[in-house]
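Step one of this worksheet: look at the structure below.
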Amino acid sequence: MADNSKEEFLQLVKRFGAFLTLKISNLFQRLDSRSVATLAVFALGIVAWRMLRSHSGPRRRQPKRQDTTPSSSGVASANSDSTSTAVATSPEDSRAQNVIDEFFQLAKPTLGQIVRQRLSEGRKVTCRLLGVILEETSPEELQQKQATVRSSVLEVLLEITKFCDLYLMDRVLDDESEKKVLLALEDAGVFTSGGLVKDKVLFCSTENGRTSFVRQLEPDWHIDSNPEIVTQLARFIKYQLHISPTKPDRLAGNVFYSTSLEQFFGDV
């Protein structure tokens, strides 16, 4: 009967955990920061663990065996060690730990939730191509070889297109470079998600042209790797993400920094 009671209690905790996970998932969609939700999940996990420990009740202490002869002391010691090990790895502890592990796994936010949180629910995003979305970092490189979409950024990019009005842009030196970029994006499947169309991939012949694009579109976020453009736009754009291998000495209050787009969203 005791075993059945414990099993029923564990099932109850699992159902309770699933209910809390649903509530926490809804909270993730409304919160601006992950910190509050993370603390909530941690606190709930501790509460569940304590409930399980309390339900299992105090363990009975094994009666100490009397040593009758010197030769039996080794056997008694071995039995004592075996009992301690059995207590430490009891089935109740293992099942309780599994419940906690499942709870934390279910409460983990999805990539889409993380993207929305980090972008502060911004609905329009403009982003540079070279060095952020593409492996190539300069217009000259595009003239010399085929454009390549960075595989590590693709998942994040597709999530952004699901809920943001995304515009990609950059400076190119010829029409052939434009074709290479569009072909690379198409091969990567960026246009098949439904959130990005070729008309939202913009090209210009100067860096100032990219600045003009951004100001005209008035996005909630602009993502760029050119420090001069980031500085120029700081007064006009609500938020910016500066992509650079090294952190700049000075950043405006509305400018965030990361070594890559995917790193900004937690190395997904």
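Counting begins at 1 with the first residue of the sequence.
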CA sep, side-chain torsions, deciding dist, call: Leu261, Val153, side-chain contact (heavy atoms from CB on, under 4.5 Å): CA-CA 7 Å; Leu261 184 61; Val153 81; 3.5 Å; yes
Leu142 side, atom CG; Asp170 side, atom CG - distance, nearest 0.5 Å: 8.0 Å
Nearest non-hydrogen partners of Thr206 and Cys204, listed with the distance: O-SG, 3.2 Å
Closest approach of Gln113 to Thr110 (non-hydrogen atoms, all atoms of both residues): OE1-N, 2.9 Å
N-O pairing of Arg123 and Asp165 below 4.0 Å: no
Exam field: side chain Arg150 to backbone Val132, donor-acceptor pair closer than 3.5 Å: yes
Residue pair Phe191, Thr161: steps toward the side-chain contact (heavy atoms from CB on, under 4.5 Å) verdict: CA-CA 9 Å; Phe191 299 129; Thr161 64; over 6 Å; no
Arg215 atom CZ: more than 12 heavy-atom contacts under 6.0 Å: no
Note, Glu136 side chain near Lys145 side chain (heavy atom, < 4.5 Å): yes
Hydrophobic cluster identity match, Leu217 and Ile133, side-chain contacts under 4.5 Å: no
Contact summary for Arg128 and Thr137, nearest pair of heavy atoms: NH2-O, 4.4 Å
Taking distance alone, no hydrogens or angles, what donor-acceptor pairs closer than 3.5 Å link side-chain atoms of residues 227-240 to residues at least two apart or in another chain?
{"residue": "Thr231", "atom": "OG1", "partner": "Pro227", "partner atom": "O", "Å": "2.9"}
{"residue": "Gln240", "atom": "NE2", "partner": "Val230", "partner atom": "O", "Å": "2.8"}

Ser258 vs Gln263, side chain to side chain donor-acceptor pair (under 3.5 Å): CA-CA, chis, key distance, verdict: CA-CA 7 Å; Ser258 180; Gln263 193 276 334; 2.4 Å; yes
Leu157 reachable from Val125 in the ILVMFWY side-chain graph, under 4.5 Å edges: yes
Single-linkage hydrophobic cluster, 4.5 Å side-chain cutoff, Val214 and Ile223 together: no
Separation between CG of Leu134 and NZ of Lys180, rounded to the nearest 0.5 Å: 12.0 Å
Derivation of the side-chain contact (heavy atoms from CB on, under 4.5 Å) call for Leu119 and Phe265: CA-CA 9 Å; Leu119 294 181; Phe265 295 103; 4.0 Å; yes
Test log, rule side-chain contact (heavy atoms from CB on, under 4.5 Å), inputs Phe203 and Phe213: CA-CA 9 Å; Phe203 299 99; Phe213 280 154; 6.0 Å; no
Derivation of the side chain to side chain donor-acceptor pair (under 3.5 Å) call for Asn208 and Thr211: CA-CA 5 Å; Asn208 288 335; Thr211 303; 4.8 Å; no
SB check Glu186 Lys198 (cutoff 4.0 Å): yes
Ile243 to Ser260 - nearest heavy-atom pair and separation: CD1-C, 3.6 Å
Check: His242 side chain, Phe256 main-chain N or O, donor-acceptor pair, under 3.5 Å: no
4.5 Å side-chain heavy-atom contact, Glu140 and Leu173: yes
Heavy-atom check, side chain of Leu166 versus side chain of Leu168, under 4.5 Å: yes
Pairwise side-chain contact, Cys127 with Tyr167, heavy-atom cut-off 4.5 Å (strictly under): no
Arg210 side chain near Asp224 side chain, heavy-atom distance below 4.5 Å: yes
Nearest non-hydrogen partners of Pro139 and Leu130, listed with the distance: N-CD1, 3.6 Å
Exam field: side chain Lys162 to backbone Gly112, donor-acceptor pair closer than 3.5 Å: no
Cluster check Leu196, Phe163: I/L/V/M/F/W/Y, side chain < 4.5 angstrom: yes
Pairwise side-chain contact, Ser205 with Val172, heavy-atom cut-off 4.5 Å (strictly under): no
Worked check of salt bridge (Lys or Arg N to Asp or Glu O under 4.0 Å) between Asp220 and Lys124: CA-CA 5 Å; Asp220 300 300; Lys124 183 182 287 188; over 6 Å; no
Close side-chain approach of Leu129 and Met169, heavy atoms under 4.5 Å: no
Smallest separation among heavy atoms of Thr259 and Pro245, with atom names: CG2-O, 4.0 Å
Donor-acceptor contact below 3.5 Å, side chain Ser244 vs main chain Thr246: yes
Cluster check Val190, Leu111: I/L/V/M/F/W/Y, side chain < 4.5 angstrom: yes
Donor-acceptor side-chain pairing of Ser152 and Glu262 below 3.5 angstrom: yes
